[in-house]
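Atoms within each ligand, like the ligands themselves, are counted from 1 in listed order.
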Amino acid sequence: MKRIAIFASGSGSNAEKIADYFAGRTDVEISLILSNNPKAGVIDRARRLHIPVLLFDRTTFYQTDRITQFLLAQHVDLVVLAGFMWLVPAGLVAAFPDKIVNIHPALLPKYGGKGMYGHFVHEAVVAAGERESGITIHFVNNHYDEGAPVFQASCVVEPTDTPDDVARKVQVLEHEHFPRVVDELLK
Ligand code: GAR
C-alpha cells in the first residue's frame, strides 16, 4: 500500500480530485490531510471523504519536527501540496527527498516565488498581457516554487480574459492532470 499525505490551506478542490481518483484503488490511500488553516474548505471535504485531518499551527510547523516525525511514523510515500501556502521547513524537505510535490497555478519559472499564489498569480498574468498560462507540478526544495519541474500544461489567455477567467482555465488543467501525475510519481 502506498500512502499519500496532502497539505492544503484553502478550498481543497485539488485534494478532493486526488481523493476521488484513488477511491476504490487498493494499492494507494490518502492517509491524511494536513492543514494550517482551521477554516479551510478542505477540512469539510476531508470529513465528507472520511480522510483523517491534522491541523497544525506555525510554531509546531517551524519550531518542532513533530509533523515530519508523524509523516515518517505513518510511512507516507508521497507528500502532495495542493494549495498549501506556507514554505515547507528544511527538515521536512530533507526527510522526504524528491517525495514532496507542489502544484503551482502558472508556467514556472514565471509568476512564482513568495507572494505569488492563488489569485495573485492570475492577476499578474493578465496585467502582463500574457497570451498563455498554465500549471506546473514540481518537486519541493527549500525555496518557493523552485524545485525541479515534473509536469506542465498550458492554456490560452485571451486578451479579454479576466483573472477569474484564467483561474477557471487553470483549475480545469489542475483537476485534469494533478491526480494522474501523482499516480505516476508513486510508481
Ligand atoms: C490551486 O490553484 C493551486 O495551484 C494554488 O492554490 C490553488 C488551490 O486550490 N497553489 C498555489 O498558489 C501555491 N503557490 P484548491 O484549494 O481548490 O485545490
**Request:** Pick whichever of Ala106, Gly10, Ala15, Gly12 has a heavy atom sitting closest to atom 16 (O) of ligand 1.
**Result:** Gly12
**Request:** State, with a plain yes or no, whether a side-chain heavy atom of Arg47 is found less than 4.5 Å away from one of Val53.
**Result:** no
**Asked** What about Asn102: any of its N or O atoms under 3.5 Å from an N or O on ligand 1?
**Response** no
**Protein residue, atom and distance nearest to atom 11 (C) of ligand 1, heavy-atom basis** = Pro105 CD, 3.6 Å
**Message:** Between Lys114 and Asp145, does any side-chain N to carboxylate O distance fall below 4.0 Å?
**Reply:** no
**Item:** Nearest non-hydrogen protein atom, atom 10 (N) of ligand 1
**Value:** Ile103 O, 3.7 Å
**Message:** Treating Gln152 as the side-chain partner and Leu108 as the backbone partner, does any N or O pair qualify as donor plus acceptor under 3.5 Å?
**Reply:** yes
**Request:** With heavy atoms of Ser11 as the reference, note each atom of ligand 1 found under 4.0 Å away.
**Result:** 16 (O), 17 (O)
**Message:** More than 12 heavy atoms of other residues, nucleotides or ligands under 6.0 Å from CZ of Arg25: yes or no?
**Reply:** yes
**Request:** State the atoms of ligand 1, each with its element, that fall below the 4.0 Å cut-off from a heavy-atom position in Tyr117.
**Result:** 12 (O), 14 (N)
**Item:** Min heavy-atom dist Glu16 to ligand 1 below 4.0 Å
**Value:** no
**Message:** Less than 4.0 Å is my threshold; does some heavy atom of Gly118 fall inside it relative to ligand 1?
**Reply:** yes
**Heteroatom proximity flag, Ser13 to ligand 1, N/O under 3.5 Å** = yes
**Asked** Closest non-hydrogen protein atom to atom 9 (O) of ligand 1, residue and atom name please, with distance?
**Response** Asn14 ND2, 3.8 Å
**Complete:** closest protein heavy atom to atom 8 (C) of ligand 1 is Gly83 CA, 3.6 Å
**Complete:** Separation between CG (Leu186) and CG (Leu78), nearest 0.5 Å, reads 5.0 Å
**Asked** Do the side chain of Asp183 and the main chain of Arg180 share a donor and acceptor less than 3.5 angstrom apart?
**Response** no
**Request:** Can you pull out the closest protein heavy atom to atom 1 (C) of ligand 1? Residue, atom name and distance to 0.1 Å, please.
**Result:** Glu174 OE1, 3.2 Å
**Request:** Assess the pair Phe139 and Phe151: is the distance between their ring centroids shorter than 6.0 Å?
**Result:** no
**Message:** Can a donor-acceptor pair be found, under 3.5 Å and without considering hydrogens, that links the side chain of Arg45 to the backbone of Ser11?
**Reply:** yes
